[in-house]
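I have placed the structure first, in the form of structure tokens, so that the comments after it can refer back to it.
Chain naming here is simple, since letters A, B, ... match the order of the sequence lines and numbering starts at 1 in each.
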Amino acid sequence: MNHPSSSGSGDGEKSKDSVEVDATTRASNLLVYGSGKGNQQQGSFPKEDISAIILRCSSGSDYFRQQVVKDEKSNERIEEMKMKFEKEGGSSRLGSAAKTGIDLLVDKYRRSRPRESNKVVIDMDSFYYSCALARHKEEGTQPSHQGVHLNQMPVVVGGGMILTSNYEARKYGVRSAMAGFIADKLVAELSKGKVKLLHLKSDHKYYAEKSAQVRSILEEYDPNLKQYSLDEFYIDLTAHLAKSGDGSGDVQEVVSKMRARVLEECFLSCSAGIAPSSVLAKICSDLNKPDGQYHLPPGDDSIMDFMRQLDCRKVPGVGRVSQKFLAAFGIENCAELYARRYDIFKIFKEKTAGFLLRASVGGWGGEDEDSAASFGAGEDQGQKGISIERTFNPVWKREDVSSQLERVCERLGQNMARKGLRGRRITAKVKLASYVVFSRSKTGRVHMNEKEEIFKVADELVERVRKEVEARDDLEFKIRLLGVRVDEFEVKGGGGGGSIEKFFKKVEEEGGGGVGRGEEVRGGEEDDDEEEEDDEVEDDEEVMLSLSQSQQDSEHVDDWKFAKALQVRYDEEQKQFERMKEREREREQEDTSKSRKELGGGKGKLTDEELARRLQKEEELWDRGRKRKDKTAKGGEVKKQKTIFDMMNGKGKGK
DNA sequence: GCGGATCAG
DNA sequence: ATGGCTGATCCGC
Ligand SMILES: Nc1ccn([C@H]2C[C@H](O)[C@@H](COP(=O)(O)OP(=O)(O)OP(=O)(O)O)O2)c(=O)n1
Ligand SMILES: [Mg+2]
């Protein structure tokens, strides 16, 4: 459970035979295809077929086995939470004061949303792939393969791991974070052997250049724009629109022209979301992809209508597990989230509950803008940690492990030096060949950045894991990945702290004005780091069809999930779902009819007291404008964090 | 402070 | 046979 959501489960079991299709559909809803963030495009192959292939390729692999284990764990947690919730009687036990408090909060969110749709989120389409196409244009070469235009055939960027896919490939279910070999199978099988997936090599350096090029264009519209990743930009058009005549002041026209410029000058298409707040704009940016835009008119009615139909999974921060979790409580879209807003506070902890409450009414943007906009100097500004991790052929001998760890530390040391960072906490990450992950950390009193110092600590931590693993009979100490992270940075550039705080304050007062960027605490120099592919060390020459390295990750957990869901029986979930619905109906009835009863001495674990506490927390968050004050060490320096939420929280007062 | 889980791109 | 990497947050203990 992280921020916005929590864990989830719900895919129970059922006799797979009778409800195979139903199970498939159901599972895919919990996954990425149906209700994931992505949109299902026309011409796609049946998701049941896609899922079946993924399952077939996956079953039996260590990776898949581990995914199943993880899924079962999350399911258990969901069950626990559900039982606890039911035992406590749900929100019917909530005191009226608490309910009133929640509603007051909701009102506040709804009333303070910005009154105009001037926030724009630009998200590049199939970014890495589009860059490859752009390159052909720039170099005058043909964007085709064996006489066929790349857009007409399934293409991905990445070999062992898919970084992104073009839209043709997406029809086959090929997506980011999918293992290359599975992507190949999807295309081969679904096309009955007629089509072969084309893999392009990743070129991070080039993507960074294109990204900068796009940024420079967008900065003409908002010099304070914020960039969340190479392909995502957060723009506030308020000033630009007020300035004068562009597009007769119509946001949609301005954005349309803006995108046209990016296309013409960078040869890259992008999509945009236009809304009163950045979070909403972010959600909208996905609705008319590719090469499209979606405008969400301001106003409570407009936004409530929009949110009502919105699947929770579309809310940034609600991932696969959270979606499942919510679904277990009968919550699939934001209307249901709103209907159950009281329950939310009984089910989740403060951060999560507050986040979901906002989501239920699209209540973002009321706070102040994250003046972190001033971080033009480099995104590392508010960086809190730095890490390196590498996958390799499994090793176990101390010397081999050590050797791999050294490589990691070497790289980490270089990056830290380049960024002028020093931290006092070292965290070692170990992934066994079975995909079981361990992390062990040690917080020291001195800040380090030297490869040797870091290695020394990391090595001890890894050996600690070795001992723990060897002490168990269910695991084998064969590791496929080693990672090292350093955080708890020292406060640098003395004196910067206070001024920065004032700086933020000033920005707020002046209404997000364009105070120049530049300052920055960042004593060091400048970065420009970038992770590169893996460059220097030739090692991974790695081309398409690669074989060695490769690895994967979540995102596809969805597929795994899915696969797992297929292989598992569904009756359990079904039953629980029914029971829950039943209970919900009863509760709802009770609610509407007799309003709500106070039942005094709540012996439920969650008393009004606890609830009040959670509300209180949320109030505090509100008052602080959700601005994160992260004191970096004793310096008491305040820095804005570059999380997606900070990026998205638009300024309320700015009108 | 630590470790696991989740999320995002 | 083959399943990445970087950075961040939340929560329970
Ligand atoms: N798990 C992931 C997801 C994305 N990326 C990289 C490749 C993408 O091209 C880029 C942008 O990510 P998006 O999620 O925006 O995906 P795309 O831009 O590729 O496609 P879309 O058109 O859906 O935005 O980030 C990655 O390396 N690993
Ligand atoms: Mg994109």
Side-chain angles (χ1 to χ4, degrees), chain A residues 1-8 37 54 57-58 60-64 66-67 70 73-74 77 123-124 127-128 158-164 176-185 202 204 228-232 282 313 315-325 348-352 355 379-380 382-391 393 412 415 425 427-429 431 435-443 461 465 480-481 483 485 487-488 529-534 540 542 545-557 559-560 628 630 641-648:
Chain A
M1 15 231 41
N2 82 356
H3 205 270
S5 54
S6 262
S7 51
K37 273 159 167 97
I54 291 174
C57 295
S58 308
S61 74
D62 290 335
Y63 178 78
F64 181 67
Q66 183 55 24
Q67 287 305 317
K70 281 168 63 180
K73 273 188 201 163
S74 74
R77 270 192 304 151
D123 187 306
M124 307 307 293
F127 189 54
Y128 292 3
M161 177 63 50
I162 307 307
L163 300 181
T164 193
S176 295
M178 176 178 276
F181 74 94
I182 290 180
D184 292 336
K185 275 261 163 47
S202 173
H204 189 273
Y228 180 71
S229 66
L230 282 185
D231 98 320
E232 258 182 64
K282 162 66 177 163
R313 183 70 146 85
V315 176
V318 175
R320 190 194 95 259
V321 176
S322 301
Q323 178 184 42
K324 218 161 86 170
F325 204 132
F348 303 93
K349 306 307 287 185
E350 53 257 28
K351 297 280 190 185
T352 305
F355 173 81
E379 330 290 10
D380 319 286
Q383 185 168 18
K384 282 190 161 173
I386 184 169
S387 66
I388 291 291
E389 62 184 56
R390 289 286 180 270
T391 294
N393 290 323
L412 184 58
N415 291 355
R425 178 166 65 182
T427 303
K429 174 176 172 179
K431 178 149 68 183
Y435 292 91
V436 172
V437 176
F438 290 88
S439 77
R440 293 292 177 270
S441 65
K442 177 172 180 173
T443 305
L461 294 169
V465 174
R480 73 172 348 256
L481 170 148
R485 172 186 162 95
D487 53 17
E488 293 285 298
D529 54 324
E530 289 340 313
E531 324 78 65
E532 332 298 353
E533 306 296 290
D534 213 3
D540 332 79
E542 182 53 330
L545 305 194
S546 65
L547 53 170
S548 55
Q549 108 154 330
S550 65
Q551 336 22 343
Q552 123 46 222
D553 162 60
S554 44
E555 191 68 10
H556 269 318
V557 168
D559 297 328
W560 309 121
R628 288 186 179 97
D630 297 316
Q641 207 39 55
K642 196 186 72 160
T643 69
I644 194 168
F645 296 98
D646 288 315
M647 303 293 309
M648 296 187 295

Reckon Ser441(A) has a side-chain N or O less than 4.0 Å from the OP1 or OP2 of dG3(B)?
yes
Option among Lys70(A), Gln66(A), Arg480(A) that satisfies the side chain to side chain donor-acceptor pair (under 3.5 Å) test with Tyr435(A):
Arg480(A)
Could you give the CG-to-C1' distance, from Leu230(A) to dA8(B), as a whole number of Å?
13 Å
dT9(C) phosphate, OP1 or OP2: any side-chain N/O from Lys351(A) under 4.0 angstrom?
no
Taking only the side-chain nitrogens and oxygens of Arg485(A), find out if one of them lies under 4.0 Å from OP1 or OP2 of dC5(C).
no
Is Lys429(A) close enough to dT6(C) that one of its side-chain N or O atoms is under 4.0 Å from OP1 or OP2 there?
no
Tell me, please, which residues at least two apart from Phe127(A) pass ring pair (Phe, Tyr, Trp, His ring centres under 6.0 Å).
none
Considering just the side-chain nitrogens and oxygens of Ser387(A), establish if one lies under 4.0 Å of OP1 or OP2 belonging to dG7(C).
yes
Within this structure, what is the NZ-to-P distance between Lys349(A) and dG12(C), rounded to whole angstrom?
5 Å
Minimum heavy-atom distance Gly60(A)-Phe64(A), with the two atoms named:
N-CD2, 4.3 Å
Report the nucleotide, chosen from dG9(B), dG1(B), dT2(C), that has the shortest atom-to-atom distance to any side-chain atom of Glu488(A).
dG1(B)
Rounded distance (nearest 0.5 Å) linking atom CD of Gln323(A) with atom CZ of Arg313(A):
5.5 Å
Rounded to whole angstroms, how far apart are CZ on Phe355(A) and P on dA8(C)?
19 Å
Rounded to whole angstrom units, what separation is found between the CD atom of Gln66(A) and the C1' atom of dT2(C)?
18 Å
Any base atoms under 4.0 Å from Asp231(A), or only sugar-phosphate, or nothing? Heavy atoms, all strands.
sugar-phosphate
Here the distance between atom C1' of dA8(B) and atom CD of Glu232(A), to the nearest Å, is 8 Å
Please state whether the phosphate of dT9(C), meaning OP1 or OP2, lies under 4.0 angstrom from any side-chain nitrogen or oxygen of Lys384(A).
yes
So, is Arg390(A) close to the dT6(C) phosphate, meaning a side-chain N or O under 4.0 Å from OP1 or OP2?
yes
Arg440(A) side-chain N/O to dG4(B) phosphate OP1/OP2 under 4.0 Å
yes
When you measure from the side-chain N and O atoms of Thr352(A) to the phosphate of dC11(C), is any distance below 4.0 Å, counting only OP1 and OP2?
yes
Short side-chain N/O contact to dG9(B) OP1/OP2 from Thr164(A), under 4.0 Å
no
Picking from dT6(B), dT6(C), dC2(B), the nucleotide nearest the side-chain atoms of Glu389(A) would be dT6(C)
Closest to the side chain of Lys70(A), out of dG9(B), dG7(C), dT6(B), is dT6(B)
Presence of salt bridge, Asp487(A) and Lys384(A), under 4.0 angstrom
no
Just how far, in rounded Å, is P of dA1(C) from CD1 of Ile182(A)?
15 Å
Pairing residues for Ser439(A) by the side chain to side chain contact (heavy atoms under 4.5 Å, CB included) criterion, not counting sequence neighbours:
Thr427(A)
Measure the distance from CE on Met178(A) to C1' on dC5(C) and round it to the nearest whole Å.
18 Å
Can a side chain N or O of Ser439(A) be found less than 4.0 Å away from OP1 or OP2 on dG4(B)?
yes
Rounded to the Å, how far apart are Arg425(A) CZ and dC2(B) P?
6 Å
